[in-house]
Peer 1: 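Provided herewith is a single structure, encoded as structure tokens, for subsequent inquiry.
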Amino acid sequence: MSPLATVKENIRRVVHGQPKSRGMTSPLRGSLHHVELRVTDLHTALPAWQWLLAEFGYDELQSWADGTSWKLGATCIVLERSAHPLRHDRRQAGLSHLAFHARDRRRGIVSTHRGRADVGARVR
């Protein structure tokens, strides 16, 4: 099994095999299971994603040479070095952006914009 296949299998096991905590219900049908994001420069992208996902309560699930994954509830986010990097243009076909819920919209936006500079993130 390839390293990526092993990581995906481990994520599947954790998400589906984890015992439910008291009061937890199964994920809603149709809710987001995982997102895989490919980046050209993992070394540059990783600090910003680590910071952002920690701010929202995600825990690091796994880390390997070409990526890292995080988990919050039943949702996993995977950041991985692209094997075939292309120049990114948010107007091209594909995912435009991810939007996260925050407890307080104004405080969430302000703290995100303040924190992003500390980790070298750019918001366009």
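None of these values were measured; they are calculated from a predicted model.
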Peer 1: Testing the basics here: between Val39 and Leu79, what is the closest heavy-atom pair and its distance to 0.1 Å?
Peer 2: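 What the structure gives for the nearest pair is CG1-CD1, 3.4 Å.
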
Peer 1: Which value, rounded to the nearest 0.5 Å, describes the distance between Leu53 atom CG and Phe56 atom CZ?
Peer 2: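 The distance works out to 8.5 Å.
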
Peer 1: Apply side chain to side chain contact (heavy atoms under 4.5 Å, CB included) to the pair His33 and Thr75, showing each step before the final yes or no.
Peer 2: CA-CA 5 Å; His33 181 271; Thr75 303; over 6 Å; no

Peer 1: Who passes side-chain hydrogen bond (donor to acceptor under 3.5 Å, both in side chains) against Asp59, sequence neighbours left out?
Peer 2: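 Not a single residue meets the side-chain hydrogen bond (donor to acceptor under 3.5 Å, both in side chains) criterion with Asp59.
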
Peer 1: Mind checking the CH2-CG spacing from Trp64 to Leu42? Nearest 0.5 Å is all I need.
Peer 2: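 Between Trp64 CH2 and Leu42 CG, I get 9.0 Å after rounding to 0.5 Å.
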
Peer 1: With a 4.5 Å limit on heavy-atom distance, are the side chains of Val78 and Leu37 in contact?
Peer 2: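 No, side chains not in contact.
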
Peer 1: Can you measure from CG (Asp66) to CZ (Arg38) and round to the nearest 0.5 angstrom?
Peer 2: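 With rounding to 0.5 Å, CG (Asp66) is 10.5 Å from CZ (Arg38).
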
Peer 1: Between SG of Cys76 and NZ of Lys71, what distance do you get to the nearest 0.5 Å?
Peer 2: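 These two atoms lie 5.5 Å from each other.
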
Peer 1: Any chain of hydrophobic side-chain contacts (each under 4.5 Å) joining Leu98 to Leu72?
Peer 2: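 Result: yes, single cluster for both.
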
Peer 1: When you measure from the side chain of Arg81 to the backbone of Ala65, do you find a donor-acceptor pair of N or O atoms at a distance under 3.5 Å?
Peer 2: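 The answer is yes, because a donor-acceptor pair under 3.5 Å joins these two groups.
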
Peer 1: Does some side-chain heavy atom of Leu61 sit less than 4.5 Å from a side-chain heavy atom of Trp70?
Peer 2: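 No, too far: nothing below the 4.5 Å cut-off.
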
Peer 1: Please report the shortest heavy-atom distance between Thr68 and Ser63, naming the atom on each side.
Peer 2: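 Shortest heavy-atom separation between Thr68 and Ser63 comes out as OG1-OG, 3.5 Å.
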
